[in-house]
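Basis for what follows: all heavy atoms, side chains included, without hydrogens, waters or symmetry-related copies.
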Amino acid sequence: MSFVLCLTSYSLVAKSTLRVVTEEWPPYNYTNDNGKVVGTATAKVRWILDQAGIDYTLESYPWARAIDLAANNKNVAIFSVYRTQVREHTFKWVCPLISPVPTFMYKLKDRTDLNVTSFEDAKRYQVSVTRGDLAQDVLTKAGFELGVNLDLAANGQVSIKKLFAKRIDFVIYSEIALLEQLKKINRSYDSIQKVMELTVMENLPICLAFHKDAEDSLVNDVQEMLDLLDVVSQPSYF
């Protein structure tokens, strides 16, 4: 009887549903008007998991919540996440999910009082980033301090709203994601000005990441399916 119970228990674990989490980062991953998580990166994740025969759910959370879930739960995976030295041993990686995304510091164009060409200049002002995002790590390492010149928001759209309300001075964003967020709040890109690029982020892979204790066979199967996308087109997904 105990042997049968062990087999049953193993079967339930082996067939458990993978929980996949992400954040609102249009156009790569975001929730549409019907409540479904979509986007270019999301389409790839759905395709590779479907092709690997993996049962999964897909949910969107504020970034800090999403990455905490993935780091502390064996059956949770996360995307689109930068692969950094700090995160390297926290996860097992499936890369690259999407191409590197240039990231910039932006201000309102009418803020002629803000003359910034370096992080040192920017330390005189308030810079808003998403809590738990790589940009937070970058600015913290550069000497920014929470409550002094670093503002943490639940997501990028909150930072954008703070920028237009002039509660902060700069935001950190990829250009295409900024365009998407501006559309959502009916603001023009012409009202924004690019200040400088965060070059430290330009060559980092953006990946799907599994918990460090995830089965190697699972991670390898998913990586194989991602590699297959280099030679196979699936128009029903992309």
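For the pair Leu18 and Asn75, the tightest heavy-atom approach, listed with the atom from each and the gap, is CD1-O, 3.4 Å. Between His211 and Ala70, the closest heavy-atom pair is CD2-O, 3.5 Å. Shortest non-hydrogen contact noted between Ser118 and Met196 is C-CE, 3.5 Å. Contact between Val101 and Trp25 at its shortest, heavy atoms only, is CG2-CH2, 4.1 Å. Here the closest non-hydrogen pair linking Ile185 and Lys161 is CG2-CE, 3.9 Å. Pairing each heavy atom of Pro100 with each of Ile206, the nearest pair is CA-CD1, 4.3 Å.
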- Query: So Val171 and Phe164, side-chain contact (heavy atoms from CB on, under 4.5 Å) or not? Walk me through it.
  - Reply: CA-CA 10 Å; Val171 293; Phe164 280 99; over 6 Å; no

- Item | Asn115 and Asp121: CA distance, side-chain angles, deciding distance, side-chain contact (heavy atoms from CB on, under 4.5 Å) verdict | CA-CA 8 Å; Asn115 298 304; Asp121 292 340; over 6 Å; no

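Distance check, rounded to the nearest 0.5 Å: CG of Leu139 to CG of Leu198 gives 6.5 Å. Atom CG in Leu108 sits 9.0 Å away from atom CG in Asp169 (nearest 0.5 Å). To the nearest 0.5 angstrom, Leu229 atom CG is 7.0 Å from Ile48 atom CD1. Rounding to the nearest 0.5 Å gives a distance of 8.5 Å between CG of Leu182 and OH of Tyr189. Atoms CZ and OG, on Arg65 and Ser60 in that order, are 12.5 Å from each other to the nearest 0.5 Å. Between Gln181 atom CD and Ile160 atom CD1 the span is 6.5 Å, to the nearest 0.5 Å.
A distance-only check finds no donor-acceptor pair linking the side chain of Asn34 to the backbone of Lys36 [under 3.5 Å]. Side-chain N or O atoms of Asn149 include one that pairs as donor or acceptor with a backbone N or O of Lys123 at under 3.5 Å. Under a 3.5 Å cut-off, the side chain of Thr22 and the backbone N or O of Phe79 do form a donor-acceptor pair. Of the possible polar contacts, none joining the Lys162 side chain to the Ile168 backbone as a donor-acceptor pair under 3.5 Å is found. Proximity of a side-chain donor or acceptor of Asp110 to a complementary backbone N or O of Ser191 within less than 3.5 Å is not detected. No donor-acceptor pair closer than 3.5 Å links the side chain of Arg46 to the backbone N or O of Ala43.
Residue Glu88 places its CD atom among more than 12 non-hydrogen atoms of other residues, nucleotides or ligands, all under 6.0 Å distant. Counting non-hydrogen atoms of neighbouring residues, nucleotides and ligands closer than 6.0 angstrom, the CZ atom of Arg167 reaches no more than 12 such neighbours.
Tyr56 and Tyr28 fall within the same hydrophobic cluster, where Ile, Leu, Val, Met, Phe, Trp and Tyr residues are linked whenever their side-chain heavy atoms come under 4.5 Å apart, directly or through other members. When the side chains of ILVMFWY residues are joined at heavy-atom separations under 4.5 Å, either directly or via intervening members, Ile98 and Val222 end up in a single hydrophobic cluster. Connection of Val37 to Val20 is established within a shared hydrophobic cluster, with ILVMFWY side chains joined at heavy-atom distances below 4.5 Å, either directly or through further cluster members. Under a hydrophobic-cluster definition in which Ile, Leu, Val, Met, Phe, Trp and Tyr are linked whenever side-chain heavy atoms come within less than 4.5 Å, directly or via other members, Val138 and Tyr173 are assigned to different clusters. In this structure, Met201 is a member of the same hydrophobic cluster as Val127, with clusters built from ILVMFWY side-chain heavy atoms closer than 4.5 Å.
Side-chain contact between Lys184 and Pro26 is present, with heavy atoms from C-beta onward closer than 4.5 Å. The shortest distance between side-chain heavy atoms of Leu114 and Gln193 does not fall below 4.5 Å.
Put simply, the residue from Val45, Val94, Leu208, Leu49 that forms a side-chain contact (heavy atoms from CB on, under 4.5 Å) with Leu226 is Val94.
Residue pairs satisfying the salt bridge (Lys or Arg N to Asp or Glu O under 4.0 Å) criterion with at least one member in residues 194-222, sequence neighbours excluded, are listed as follows: Lys74-Glu215, Lys92-Asp216, Glu175-Lys194. The salt bridge (Lys or Arg N to Asp or Glu O under 4.0 Å) contacts involving residues 135-145 comprise nothing, where partners must be two or more places apart or lie in separate chains. Legend: salt bridge (Lys or Arg N to Asp or Glu O under 4.0 Å) pairs involving residues 16-31, not counting sequence neighbours, sorted by first then second residue: Arg19-Glu59. Each disulfide (SG to SG under 2.5 Å) pair with one or both residues in residues 104-181, not counting sequence neighbours, would appear here, but there are none. A disulfide (SG to SG under 2.5 Å) check over residues 120-155, counting only residues at least two apart or in different chains, returns nothing. Listed by first and then second residue, the disulfide (SG to SG under 2.5 Å) pairs that reach into residues 85-203 are Cys95-Cys207, sequence neighbours excluded.
Judged as a ring-ring contact (aromatic ring centres under 6.0 Å, His included), and not counting sequence neighbours, Phe210 has no contacts. Every residue two or more places apart in sequence or in another chain that forms a side chain to side chain donor-acceptor pair (under 3.5 Å) with Ser80 is listed here: Asn29. Leu152 meets the side-chain contact (heavy atoms from CB on, under 4.5 Å) test with Val129, Arg131, Gln136, Leu146, Leu150; sequence neighbours excluded. Judged as a side chain to side chain donor-acceptor pair (under 3.5 Å), and not counting sequence neighbours, the contacts of Asn72 are Asp68. Listed by chain and residue number, nothing satisfies the side chain to side chain donor-acceptor pair (under 3.5 Å) test with Glu180 (two or more places apart in sequence, or in another chain). Residues meeting the side-chain contact (heavy atoms from CB on, under 4.5 Å) test with Leu204, sequence neighbours left out: Tyr82, Thr84, Leu134.
Inspection of the Asp227 and Gln223 side chains reveals an N or O donor paired with an N or O acceptor under 3.5 Å.
Using a 30° and 60° split on the angle between ring planes, Phe91 and Trp93 fall in the perpendicular class, above 60°.
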